[in-house]
Amino acid sequence: MQKQFIRIFSNEILMYAAAITVVIISLLLGISIGSLSIPFSAIIKIFLSQWFGFTLPDDIPSDFVQIVMAIRLPRVVLAFFVGASLAVAGAAFQGLLKNALADPYTLGVSSGASVGAVFVIFYNIQLPLFGTFTLPIVSILFGLATLVLVLLFTRAVERKMSVETIILVGIMFGAFFSALISLMIALTGEELRQIVTWLMGSVAMRGWKYTMMMLPFFLVGVMLLLFNARELNAFAFGESAAMHIGVDVAKRKVIVLTGASLLTGAAVSVSGTIGFVGLVVPHMVRLVCGPNHRLLLPLSLLYGGAFLVLTDLLARTIISPRELPIGVITSLIGAPLFALLFFRRMRRKT
Amino acid sequence: MNVLEVNNVSYRYHRKRVLHDVTFAVEKGEIFGILGPNGSGKTTLLKLLSKELPLQSGSIAVNGRPLHAFSQKEWARFAAVLPQTMDTAFGYTVKETVELGRYAHQSGLFPAWTAEDEQAVKTAIEEVGLTEKAEEGIDRLSGGERQRVYLARALAQQPRLLLLDEPTNHMDITQQIKLLDQLVRWAKERALTVVAIFHDINMASLYCDRILMLKSGEVVAQGAPEELMERDLLNSVFHAPVSRQAHPTVSKPLMAFLREWEFPRLQRGELRERFMWATLEDCIAISASSPLKVLSSALVGSGFQWATHFVNRQVSKDYDCEDAKTEMKHYLRRRGFPVQQTIGMMTAVSVEDAVCTYENHGAFSVWTVVTAGVGNAVDAAQAWKRARLDQKIGTINIIVFIDGNLTEAAYVQAVMTATEAKTKALYDEKITDPETNSYATGTSTDCIAIAATQTGEIFPYAGTITPIGKAIGRTVYEATREALRRYQQRRKSS
C-alpha cells in the first residue's frame with residue numbers, strides 16, 4: 001500500500017529524537033492551551049517546583065498550579081496512554097493479519113470491549129479480587145473474546161481470511177455490539193447525553209485514578225508486542241511464510257493477540273471507543289520510517305500518544321466552552337484515510 | 001546417503017484423501033523433482049515436508065531423526081521453503097525481507113544482529129543478483145525479482161535442504177534457466193539437497209536427478225528422468241498426448257505435448273493437386289499449402305523439420321562460396337521463400353531437366369522429383385583410393401513426397417530404399433567413377449529429402465519390400481535413370 005512511501009530519516013536515533021520532541025511539544029501544548037492560557041515557561045517552573053523541590057517564583061499564580069497539576073496534566077497523560085495503546089495495538093493487528101486496514105475499531109475489538117465496560121459501569125459490578133481493576137479486566141476479556149469471534153467467523157467464511165472479509169466481519173460485530181450497548185443504556189434509563197459522550201470517546205475529567213488503572217495493562221501489553229517485533233515482521237508475509245522461517249506461529253499469534261487486546265481493552269475501559277487511531281498513526285509512521293516493526297511499534301507508541309493529546313486539545317477548544325467527543329475528531333480524520341487506503345487497494349487489484 | 005526418508009505417508013483433508021501411502025527417499029546433494037497434474041497432492045506433500053501441515057500417518061525422517069522432533073525453529077535452520085506466491089501489504093525493502101531469513105539463527109528476546117548474520121544476508125542477496133536493489137521496496141519489483149528476493153531469504157537461512165514449490169512460476173524463460181542452473185550449481189558445490197515441485201515436464205527432465213510422479217495422491221513412478229519420461233506413463237498421468245524426443249544437446253529426453261486439435265495437413269489423395277510447381281530461371285520451387293514433415297540432408301533445412309517449400313536451385317559449375325549455407329539463405333530470402341519452412345538444395349545441372357514420377361496406391365501415394373548430374377561420380381566402395389574429394393557441384397538431388405503417415409524409422413528406411421534405387425539406376429546407366437574406373441554409386445554431393453504429409457494410415461516401415469518401399473524404389477529408379485539420360489543428352493548437344 002505504500003507505493004510512494006519515503007523514508008525521510010535513515011538514522012534510528014534521529015527518528016526517536018524527532019518522535020520524543022513531538023511528544024514533549026504536544027504534551028506542553030495540551031497543558032498550556034485551554035480556557036485559561038498558561039505559558040510553557042510557567043508550566044516548566046511548576047514542574048520544577050512540584051517534583052524537584054525548586055521554589056515556585058512569585059509571578060505564577062497559585063491557581064495555575066492547581067490547573068496544571070490537578071486538571072490538565074492527568075488529562076494529557078491519560079490521552080497519551082490511550083493514544084499510545086490504540087496505535088501500538090493497531091500496528092500489531094496490521095502486522096499479524098498483514099492487513100493495513102486493521103485496527104481495534106475496524107476489527108470490532110473496541111466495541112466488544114465497550115460492551116464489557118458499559119456492563120461494569122452501569123450495573124456497578126465489582127469482581128471480588130480485582131477491585132478497581134474490574135473495569136479494565138472485563139473490558140480486556142470482552143475485547144479478546146470479540147477478536148477471537150471475529151477471526152473464527154472470518155475463517156469459517158473464507159479460509160484464506162482476505163483483508164476485506166476480516167474488516168467486513170469486524171464492522172458487522174462492531175455494529176452488533178454498539179446496538180447491544182444502546183439497548184443496555186435504554187434499559188437503564190439513565191441520563192443519555194453523558195453516556196453517549198462517553199461512548200464516542202473522551203479523556204475528560206478522569207483524573208489520575210484512570211491512568212493508574214490502565215497503566216499495568218499498558219506496560220504488559222507493550223512489552224508483549226515489543227518482544228514480538230521480529231515475529232510481526234514475519235507475520236506481515238503471511239502465516240506460512242512465518243512458519244517457514246522458523247516462527248512458532250500458534251504460540252506467537254496468541255501472544256500478539258493477547259498483547260493487542262490488553263492495550264485495546266485498557267484504553268477502551270478508561271476512554272470509551274475512540275476510532276481509527278490505530279489505523280492512522282501506524283500508517284503515517286510507516287510512510288516516514290518503513291514497515292519494520294522493531295521501529296514501527298515504539299514510534300507508533302510515541303506518535304500515537306502525541307496524536308491523541310493533540311486531538312483532545314482540538315476536541316476541547318474547537319467549540320469552546322463546550323467539548324466535542326474526541327472520537328468525532330479521530331473518525332473525521334481516520335474514516336477518509338480508511339476510504340483512501342481501501343480505494344487504492346481495490347484499484348490495485350483490478 | 002539419504003537426507004530425507006518419507007515412508008507410507010497419507011493425508012486427508014476432512015474426508016478427502018489427498019495423499020495415499022507415499023514412500024520415497026532423497027539423497028544428499030540431489031535435485032529431486034515432484035511432478036504431477038493439479039490436485040495430485042504435490043503441494044500437500046511439500047507442506048508436510050515443511051512442517052506446515054501436521055503428519056497424519058506414516059513417517060518422515062531427516063538424517064534418521066523424525067521430523068516432528070524438530071522445533072519449527074530448528075527445522076528452519078535445516079530446511080528453507082520457497083512457496084509459489086507470497087505477498088505482503090507493506091513496503092519492506094529487499095534487505096529487510098532477506099534479514100527475516102536469519103530469524104531461526106537468532107535467540108533471546110532482543111537478539112543482537114551479528115556480523116555473521118549481516119554477511120549471510122549480503123551473500124544471499126548477491127547470489128540472486130539483487131545487490132543493486134537491496135534498499136528498494138519489494139512492492140516495486142517485478143514478479144520474477146520478488147521470487148528471487150524470497151529465494152535470497154531462503155538462502156539466508158543457510159539451509160541443507162531447499163523445498164521449492166514451482167520455483168519458476170513467475171519467471172520468464174531466461175530467468176527460469178538462470179535460477180535452475182544456479183540451483184544445480186549449489187546442489188553440487190555445497191551438497192545442498194533440493195526438493196522441488198515442477199510444472200514443466202521438460203524443465204524437470206532437464207534439471208532433476210530423480211523425479212517422483214504423483215497422480216491422485218499416489219506415487220505412479222519414481223526414478224531418473226530417462227526412465228520416467230516415457231510416452232504411455234505421461235499420457236496416463238497428465239491425460240494429454242505427449243511424444244518423446246531426444247534433447248538436441250543434452251542426454252535427457254524432451255517431451256513434446258500434442259494438442260488435441262490437428263494442425264491443417266494436406267488431405268489424402270491431393271498430393272500433386274495441392275502442390276504448386278514453379279520453374280523459375282534458376283530454380284524449381286515446389287510449395288505445399290500445408291507443412292510436410294521432412295527428413296533431409298539439404299543445405300538449408302537439414303534433419304527433421306516441418307516445411308512448406310522445397311527449392312532446388314541451379315548454380316554455375318564454378319559456384320564457390322566459403323559459407324554456402326548463409327549464401328543460400330540470402331538467396332531464399334531474396335526470392336521470397338520463408339527460410340524457416342524451406343528445404344533448400346543446390347545443383348549444377350539444368351533444372352529444366354528435372355524428372356517427376358508418380359505412383360498412387362490408394363492408401364498412399366509417392367511422388368518423386370529428381371535432378372541428376374554425374375560430374376563428380378564416385379564409387380563409395382573405392383572412394384578411399386581418391387587423393388582428395390572435390391566438392392564441386394554436380395549432384396543428384398532426390399525429393400520424395402509421400403502421402404502417408406510415417407514413423408521416424410520409416411523415414412530412415414525410405415532414405416535407404418531411395419539411395420539403393422539411385423545406385424542401381426547409376427549402375428544400369430553405366431556411370432563410372434573416372435578415377436577408379438569402377439561403377440559409381442553416386443556423386444560426392446548428393447542430396448535427399450523425404451517429405452510426408454503425416455496424415456492417414458501409419459506406416460511403421462518403408463524398407464524395400466514394403467508397399468511404400470516398393471513405390472519409392474521404383475519411382476526413384478525410374479526418375480533417376482530418366483534424369484541421367486537427359487543430362488547426358490544435354491552434355492552431348494552442347
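Just the heavy atoms: all of them, side chains too, but no hydrogens, waters or symmetry mates, feed the values below. To find a chain, count down the sequence lines: A is the first, B the second, and so on, and within it residues start at 1.
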>> Any donor-acceptor pair under 3.5 Å linking the side-chain atoms of B:Q158 with those of B:R77?
In response: no
> Which atoms of B:E52 come close to chain A, meaning under 4.5 Å heavy atom to heavy atom: side chain ones, backbone ones, both, or neither?
Replying inline: both
>> Report which part of B:I138 has an atom under 4.5 Å of a heavy atom belonging to chain A: side chain, backbone, both, or neither.
In response: side chain
> What part of A:E239 gets closer than 4.5 Å to chain B, counting heavy atoms only: side chain, backbone, both or neither?
Replying inline: neither
>> Could you check whether B:E189 pairs with B:R185 (Lys NZ or Arg NE/NH1/NH2 to Asp/Glu carboxylate O, under 4.0 Å)?
In response: yes
>> Please classify the contact between A:N99 and chain B as side chain, backbone, both or neither, with a heavy-atom cut-off of under 4.5 Å.
In response: backbone
> Out of B:F24, B:F198, B:Y207, which one pairs with B:F32 under the ring-ring contact (aromatic ring centres under 6.0 Å, His included) rule?
Replying inline: B:F24
> So which part of A:V247 gets closer than 4.5 Å to some heavy atom of chain B, the side chain, the backbone, both or neither?
Replying inline: both
> What residue in B:Q106, B:E99, B:R102 has the most heavy-atom pairs under 4.5 Å with chain A?
Replying inline: B:Q106
> Do we get A:R252 above A:F235's six-membered ring, with its NZ or CZ under 6.0 Å from the centre and within 45° of the axis?
Replying inline: no
>> Just checking A:F93: does its CZ atom have more than 12 heavy atoms from other residues, nucleotides or ligands closer to it than 6.0 angstrom?
In response: yes
> What part of B:K51 is in contact with chain A, defined as an atom under 4.5 angstrom from a non-hydrogen atom: side chain, backbone, both or neither?
Replying inline: backbone
> Do B:Y103 and A:E231 meet the criterion of a side-chain donor-acceptor pair at a distance under 3.5 Å?
Replying inline: yes
> Counting heavy-atom pairs under 4.5 Å to chain A, which of B:A156, B:A104, B:A76 comes out on top?
Replying inline: B:A76
>> Centroid separation under 6.0 Å, is that true for the rings of A:F237 and B:Y92?
In response: yes
>> Just so I understand: if I count every heavy-atom pair under 4.5 Å between each of A:R230, A:K98, A:Q94, A:M243 and chain B, which residue has the most?
In response: A:R230
